[in-house]
Amino acid sequence: MAFMSNLKNIKTEIEKYASNSNLTELQIVEKLEKHFFDKKVRANLKLYKKGTKKVSDITKDLKISPRKFYAILQKKNIEHKKYNKK
């Protein structure tokens, strides 16, 4: 039951923020989703650089395709192996 009351508090805070800003509730949630996804990506990239976490584990954790993960690596100029499709 504590989870439901906490969720209710979060909903009311989002509604308050939406009424004070020129954003809708959905726009706020999308920004929050992007923020927390980026936070999780940064944490996983640190582990990838150290060599403690594999690409397959990271993609499962982030729920993204390996192709998208390699695009993130390329965007952040992180060295990785490139495989030939031949």
Side-chain angles (χ1 to χ4, degrees):
M1 289 309 261
F3 176 74
M4 291 304 285
S5 63
N6 289 339
L7 190 60
K8 205 172 207 180
N9 293 339
I10 292 169
K11 287 179 189 176
T12 56
E13 288 298 319
I14 289 174
E15 289 169 356
K16 283 181 193 176
Y17 186 79
S19 65
N20 292 334
S21 68
N22 59 351
L23 299 172
T24 65
E25 288 90 351
L26 279 177
Q27 289 172 324
I28 295 167
V29 171
E30 286 172 357
K31 286 182 182 256
L32 286 170
E33 182 181 15
K34 184 178 182 330
H35 167 75
F36 286 110
F37 178 77
D38 289 344
K39 186 177 178 180
K40 204 169 187 181
V41 166
R42 283 191 301 274
N44 279 306
L45 284 177
K46 285 180 186 176
L47 295 174
Y48 177 77
K49 285 180 187 177
K50 290 179 185 175
T52 57
K53 200 163 186 183
K54 295 181 180 179
V55 173
S56 60
D57 296 333
I58 293 171
T59 55
K60 285 179 190 174
D61 189 31
L62 297 174
K63 296 180 179 118
I64 60 173
S65 69
R67 183 179 288 188
K68 188 168 184 175
F69 180 70
Y70 285 119
I72 291 170
L73 289 176
Q74 206 165 27
K75 183 179 175 186
K76 299 206 180 250
N77 295 325
I78 298 173
E79 190 131 344
H80 62 281
K81 289 183 182 177
K82 294 184 180 181
Y83 297 101
N84 291 333
K85 294 182 182 179
K86 296 178 183 176

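Because only heavy atoms are used, hydrogens play no part in the values below, and waters and symmetry mates are left out as well, while side chains stay in.
In plain terms, the two heavy atoms of T24 and A18 that are nearest each other are C-CB, 4.4 Å. The two residues N22 and Q27 make their nearest non-hydrogen contact at O-OE1, 4.3 Å.
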Identify all side-chain donor-acceptor contacts of residues 34-45 below 3.5 Å with residues at least two apart in sequence or on another chain.
| residue | atom | partner | partner atom | Å |
| --- | --- | --- | --- | --- |
| K34 | NZ | D38 | OD2 | 3.2 |
| N44 | OD1 | K53 | NZ | 2.8 |
| N44 | ND2 | K40 | O | 3.1 |
| N44 | ND2 | D61 | OD2 | 3.2 |

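For the pair I72 and I64, the minimum side-chain heavy-atom distance is below 4.5 Å.
Linking ILVMFWY side-chain heavy atoms closer than 4.5 Å, directly or via other members, places L47 and V55 in two distinct hydrophobic clusters.
To the nearest 0.5 angstrom, I78 atom CD1 is 7.0 Å from F69 atom CZ. Between the CG atom in L62 and the NZ atom in K68 there is a gap of 9.5 Å [rounded to 0.5 Å]. Separating the NZ atom in K60 from the NZ atom in K54 is a distance of 10.0 Å, to the nearest 0.5 Å.
Sorted by first and then second residue, the side chain to side chain donor-acceptor pair (under 3.5 Å) pairs involving residues 8-21 (not counting sequence neighbours) form an empty list.
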